[in-house]
2 protein chains.
Amino acid sequence: MLTEPAAPADRRELIPNAVLAVDVVVFTVRQAPLKEAFQVLLVNQRSEDGMTRWALPGVLVRPTETFAEAARRALLEKAGLDAATWYLDQLATFGEPTRDSRGRVASIAHIAVVRSDDLILRPGADVKATEWCPVSRVEERVLAFDHAEMIRVGVQRIRSKLRYSWVAFQLLDPEFTIPQLRAVYAAILDPSLERLSTGNFKKAMRPLFESGVLQNIGRASTGRRGRPRDLYRFVGPVTGTRERELPW
Amino acid sequence: MLTEPAAPADRRELIPNAVLAVDVVVFTVRQAPLKEAFQVLLVNQRSEDGMTRWALPGVLVRPTETFAEAARRALLEKAGLDAATWYLDQLATFGEPTRDSRGRVASIAHIAVVRSDDLILRPGADVKATEWCPVSRVEERVLAFDHAEMIRVGVQRIRSKLRYSWVAFQLLDPEFTIPQLRAVYAAILDPSLERLSTGNFKKAMRPLFESGVLQNIGRASTGRRGRPRDLYRFVGPVTGTRERELPW
DNA sequence: CCAAAAGTGTTCTCAATACACCCATGT
DNA sequence: ACATGGGTGTATTGAGAACACTTTTGG
């Protein structure tokens, strides 16, 4: 299946016919109005037409490098982020023949989900600026290539993942409260979840409490008025999946 | 994002660094014991080591061709199948650096779901044989490259799709019966579904009846003993999705 | 008329939601 | 004390599963 129709010679070297790239859609949830808390990482850099343009962080894949390695390198070289331990997922491959005027390029888009509070963005050598952009505002931007489409597909993917897996905990401190957890779901899935009562929310998380991977570890010290929030810790692997999908 | 670190020259041609291929995982449900009804298309052909080996149908991507076009061409050239109207979905891209000893190859795996009753398999010029292989028996085969992994991922994907979309109807005649429809779900998801009563099964399909896309169009003529089955027609697009996932 | 295969309807269970009530803190 | 934000428990609703019952055919 890897030989062209009229080329049954077997030990021949294959001749490269395309350029492989990776782009990474990094999602986070940040301190911001609920509608704008769900954000994606963009970098501003020179485009193939000489203009500067917003884009996803990405690099060309090196010959001996896996896609995941290339994706981590993209984050390091473009935004100064050490993604060595981040959970990365392959999203989809974008490679319309007309995608790039300089040749046939296939970009294997990846997705990452991270807590951004302690992260410091450091634009790479060829990068003018880096920023977190609210997903709800991406449409206002003109993005390079088909990066807008990548983000669109990425948003669908993370919404789906949030419903059947535990990625949400990757967006929180090791110690967090129920309202914080709920806010993550509200920011990504549906703002109206913000009004879901603690009890009903905890019921949706019941399997986690029962299996002991979500533990109550006391009270948070309060700064505000009202009863202080309970503190929880998630001790399970974030890569696990739910048996039943969440109904939201 | 498409320039290597020390190559900011913009109008330069990009130098191909990899070979792009597509492989297609074609699923069907065939007349067979329930455990073996869910099948996948394999082709037997010469491999890069000179031996003959079972593999998924695949081709190298041509410069001006989309991935979907290449996938359809793979089915035509390898198995003589006209996939012009088939619904194709991108599955994932497989490109471990060590995947193929002849160079860096990235294969964009695709998935297709078809009714195979009227299909005639015609092995291509470089193909020794083509066959439908029960998914439950794939493990017994030694497959080329990472094609076993592609099938594994493909099975997950179609199982998921069956639960939230209407792909099942792609596997049936235009006119079909409830037991036939149930058999499709049973073959792909869980044999025990075969014992689900018609009533409960129809309840799961309720949104389809209510929206009128699933219509009762009379009785099937019976050959067997017992009450003849009701005939149904599906008039909606198979690409639509359910609001709620099926519980199975 | 009986057996077999399909289809219908009822009941039971359990999960998702709504909502009323209780708790702990700052002012 | 009381207003405010957080948490618990209970009632109501609705969906899924089990199963008994009816329908329609062949033998």
Side-chain angles (χ1 to χ4, degrees), chain A residues 31 34 162-164 172-173 175-186 189-211 214-233 242-248, chain B residues 31 34 162-164 168 172-173 175-186 189-211 214-234 242-248:
Chain A
Q31 205 75 24
L34 192 56
L162 209 62
R163 258 176 272 124
Y164 68 76
L172 295 168
D173 290 318
E175 301 188 346
F176 55 88
T177 67
I178 295 290
Q180 281 173 355
L181 179 59
R182 181 176 48 201
V184 166
Y185 280 90
L189 290 178
D190 181 358
S192 71
L193 282 174
E194 193 63 280
R195 278 180 285 284
L196 190 64
S197 80
T198 317
N200 290 338
F201 189 83
K202 284 182 79 170
K203 250 180 249 175
M205 298 289 158
R206 189 161 55 118
L208 283 181
F209 286 104
E210 284 177 355
S211 65
L214 190 50
Q215 305 168 342
N216 188 322
I217 54 165
R219 274 299 156 71
S221 59
T222 179
R224 305 172 321 292
R225 189 136 54 149
R227 172 172 174 169
R229 301 164 165 189
D230 283 5
L231 270 180
Y232 293 86
R233 197 198 318 260
R242 304 179 60 93
E243 283 201 19
R244 267 178 276 282
E245 234 187 12
L246 284 169
W248 325 311
Chain B
Q31 204 78 24
L34 192 55
L162 210 61
R163 259 176 272 124
Y164 69 77
L172 295 167
D173 290 320
E175 300 187 348
F176 55 88
T177 67
I178 296 290
Q180 281 173 355
L181 180 58
R182 182 177 48 201
V184 166
Y185 281 89
L189 290 179
D190 181 357
S192 70
L193 282 174
E194 193 63 280
R195 278 181 286 283
L196 190 65
S197 80
T198 317
N200 290 337
F201 189 84
K202 284 182 78 169
K203 248 181 249 174
M205 298 289 157
R206 187 162 56 120
L208 283 180
F209 286 105
E210 284 177 354
S211 66
L214 190 50
Q215 305 168 342
N216 187 324
I217 54 165
R219 274 300 158 71
S221 59
T222 179
R224 305 172 322 293
R225 188 136 55 147
R227 172 172 173 169
R229 301 164 163 187
D230 283 4
L231 270 180
Y232 292 86
R233 197 197 319 259
F234 180 74
R242 302 178 62 94
E243 283 201 21
R244 267 177 277 283
E245 232 188 13
L246 286 168
W248 326 312

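By convention in this document, chain letters (A, B, ...) are assigned in the order of the sequence lines, proteins followed by strands, and residues within each chain are numbered from 1.
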For Arg227(B) and Arg219(B): C-alpha separation, side-chain torsions, deciding distance, then whether side-chain contact (heavy atoms from CB on, under 4.5 Å) applies. CA-CA 10 Å; Arg227(B) 172 172 173 169; Arg219(B) 274 300 158 71; 3.5 Å; yes
Rounded to the nearest angstrom, tell me the gap between atom CZ in Arg219(B) and atom P in dT25(D). 6 Å
Derivation of the side-chain contact (heavy atoms from CB on, under 4.5 Å) call for Arg224(B) and Arg229(B): CA-CA 10 Å; Arg224(B) 305 172 322 293; Arg229(B) 301 164 163 187; 3.8 Å; yes
Provide, to the nearest angstrom, the distance between the CZ atom belonging to Arg195(A) and the P atom belonging to dG5(D). 14 Å
Encode nucleotides 8-14 of chain D as B, S and - characters from 5' to 3', where the letter depends on protein heavy atoms closer than 4.0 Å: B to the base, S only to sugar-phosphate, - to neither. B-B----
Once you apply a heavy-atom cut-off of 4.0 Å, does Arg244(A) come out as touching a base, just sugar-phosphate, or nothing? nothing
Separation of Arg225(B) atom CZ from dG26(D) atom P, in whole Å? 10 Å
Both Pro179(A) and Arg224(B) contact DNA chain D. Which one's nearest nucleotide lies toward the 5' end? Pro179(A)
To the nearest Å, give me how far apart CD1 (Ile178(B)) and C1' (dT23(D)) are. 16 Å
Search all heavy atoms of Phe209(B) against all heavy atoms of Leu214(B) and return the closest pair with its distance. CD2-O, 3.5 Å
Whole angstrom value for the distance that separates P of dA17(D) from CZ of Phe201(B): 12 Å
Any idea which heavy atoms bring Leu162(A) and Leu246(A) closest together, and the distance? O-CD1, 3.8 Å
Donor-acceptor contact present, side-chain Gln180(A) to main-chain Thr177(A), <3.5 Å: yes
When the distance from CZ of Arg242(B) to C1' of dA15(D) is rounded to whole Å, what number comes out? 12 Å
Is there a side-chain contact between Trp248(B) and the phosphate of dA17(D), meaning an N or O under 4.0 Å from OP1 or OP2? yes
So do the side chains of Tyr232(A) and Leu181(A) get within less than 4.5 Å of each other, counting heavy atoms only? no
Side chain to side chain donor-acceptor pair (under 3.5 Å) against Arg244(A), all qualifying residues, sequence neighbours excluded: none
Aromatic rings Phe201(A) and Tyr185(A): how do their planes relate, parallel, tilted or perpendicular, breaks at 30° and 60°? perpendicular
Does anyone know the first and last nucleotide of DNA chain C in reach of chain B, 5' to 3', at under 4.0 angstrom to a heavy atom? dA4(C) to dT10(C)
A quick test of your reading: do over 12 heavy atoms of other residues, nucleotides or ligands sit less than 6.0 Å from CD of Glu210(B)? yes
